[in-house]
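Side-chain atoms are counted along with the backbone in the values below, which use heavy atoms only and exclude waters and symmetry mates. The chains referred to below are lettered A, B, ... by the order of the sequence lines, with proteins before strands, and numbering in each begins at 1.
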2 protein chains.
Amino acid sequence: MSLRYALLALVRVGPQSGYDLQKQFAVSVGHVWHAPDSQIYPELRKMEAEGLIRGEEQTRGERGTRRMYHVTPAGHRAFLEWIASPPEYQRVRDPAHLRAAYLEAATPDQARAFLRAHIAQWEGELEQWEGELRRIDAVDNPMLLRRLAVTADEDRERTIAYKRFAYEGLVERARGEIAWARRGLALVDRLEGTPG
Amino acid sequence: MSLRYALLALVRVGPQSGYDLQKQFAVSVGHVWHAPDSQIYPELRKMEAEGLIRGEEQTRGERGTRRMYHVTPAGHRAFLEWIASPPEYQRVRDPAHLRAAYLEAATPDQARAFLRAHIAQWEGELEQWEGELRRIDAVDNPMLLRRLAVTADEDRERTIAYKRFAYEGLVERARGEIAWARRGLALVDRLEGTPG
DNA sequence: AAGTACATGTAAGCAGTTACATGATTGG
DNA sequence: CCAATCATGTAACTGCTTACATGTACTT
């Protein structure tokens, strides 16, 4: 249910095609909220039908077209209402910790493989998020630049600070997961004897 | 997709009715993997159809019945295969951090309300998980006791240690989220001026 | 001429949510 | 007798996944 607000956040900085948005998802918001194109294009159509955005067909070359979307006043309002609304939390559903709770049923090697996969997973996420943090600090992120271009000078600091804040939280979470899994590896060694 | 394995983990300690399992979800595994009864009962039927568990209808009072499920050899194998299989990770989709990245669009009070809600949410989870940790340490959790009753002595330490490990990870995550949101509150004060 | 990037979807299916529905048994 | 708990679901809907489908335009 956050997909449309992630899309609104992107369209708010200026007109974009579905393809543009899909690409942005792969590099910026997508680091916080993943969405495949098979979800983005239909959602844009729905948002247009609900009046949050308006699309205008543009020609491209001889026969090609693309649909450029821009946010409507209703869309702008919807975004601000979302920002102001009480956050919704999903019920906890954590496959990694569920499995960790039953590692006694695994062989030592299986336990280690699981923990190493957990570390690899979160190191991958960590890399993405740290990269994003560096791009924020270097004011180098294309989306952030477009955002700042339509932002009053006195709001620039806030805009950057909150982006930083969000990604710092993700980075810390990743570091926490990695530290936990490393402690798990030490635990396996202690309980089952070191390998080799 | 982990629901059936959470259910298998519970049924593995001994025969249970759908109602029993649903209650266990509310107090033990449910702290890691939530599932409503409207999902549990149909899933049990599916698992029975696939031969992972077998249910036997019992009479209860004059006209009442209940269906007691026990794990089959195939179910036992499926559980061990799950434990040994490479973990699946969902693509990142984090509504709280998504919203945090756009807090510059909120008023200071809205930003604070969001961060306080985040703290309240994770303090609630933290309380559950710390309670579970205390019950593990006191060897006081009814499910853990049933588990240990069917566990060889030399595996008791491992069984307890991995449960502890799992819940420690959750506790740390909750603490991390709370610390992050508190830093967010300080950031709002710095950027927007302290209230009052 | 071929490959990459641009551009936009549909269709089937699964997991989970929310709301509703019903009845039996047990304990006070 | 009444309330709590035992007991088991169905139905409609939403969000997301996976796989498939198709064609244009630009660059080398």
**Check: A:W33 side chain, B:P95 main-chain N or O, donor-acceptor pair, under 3.5 Å** = no
**Asked** Using a cut-off of less than 4.0 Å, is there contact between a side-chain N or O of A:R93 and OP1 or OP2 of C:dG16?
**Response** yes
**Fill in**
Rounded to whole Å, OH of B:Y5 lies from P of C:dA15 at a distance of 10 Å
**Request:** Take the protein atom OH of A:Y41 and the nucleotide atom C1' of D:dC20, then report the distance between them rounded to whole Å.
**Result:** 16 Å
**Item:** Selection from C:dG16, C:dT10, D:dC16 that lies nearest to any side-chain heavy atom of B:Q39
**Value:** C:dG16
**Message:** Without decimals, in angstroms, what is the distance between A:D37 CG and D:dT22 P?
**Reply:** 16 Å
**Prompt:** If you measure from the Lys or Arg side-chain nitrogens to the Asp or Glu carboxylate oxygens, is any gap between B:R112 and B:D189 under 4.0 Å?
**Reply:** yes
**Prompt:** Any ion pair linking A:R175 and A:E130 (charged N to carboxylate O, less than 4.0 Å)?
**Reply:** yes
**Prompt:** Whole Å only: how far is the CG atom of B:L44 from the P atom of D:dG9?
**Reply:** 8 Å
**Message:** Under 4.0 Å, heavy atom to any atom of DNA chain C: which of residues 60-70 of chain B qualify?
**Reply:** B:R60, B:G61, B:E62, B:R63, B:G64
**Item:** A:Y167 and B:H97: side chain donor to acceptor below 3.5 Å
**Value:** no
**Between C1' of C:dC14 and CD of B:E88, the distance in whole Å** = 13 Å
**Prompt:** Mapping B:E43 and A:Q22 onto DNA chain C by nearest heavy atom, which one lands closer to the 5' end?
**Reply:** A:Q22
**Message:** With no hydrogens and no angle check, just 3.5 Å: does a side-chain donor-acceptor pair link B:E132 and B:Q128?
**Reply:** no
**Side chain B:S38 and base C:dT18 donor-acceptor under 3.5 Å** = yes
**Message:** Measure CG/B:D20 against P/D:dC6 and give the value in whole Å, please.
**Reply:** 9 Å
**For atom NE2 of B:H34 and atom C1' of C:dA15, their distance in whole Å** = 12 Å
**Item:** C:dG9 phosphate, OP1 or OP2, under 4.0 Å from A:K46 side-chain N/O
**Value:** no
**Item:** D:dT10 OP1/OP2 closer than 4.0 Å to side-chain N/O of B:R45
**Value:** no
**Salt bridge flag under 4.0 Å for residues A:R173 and A:E125** = no
**Request:** Measure from CE on B:M1 to P on D:dT18 and round the result to the nearest Å.
**Result:** 11 Å
**Fill in**
Of C:dG16, D:dC6, D:dC16, the nucleotide closest to the side chain of B:Y19 is D:dC6
**Request:** Kindly say whether the aromatic ring centers of B:W180 and A:F165 come within a distance under 6.0 Å.
**Result:** yes
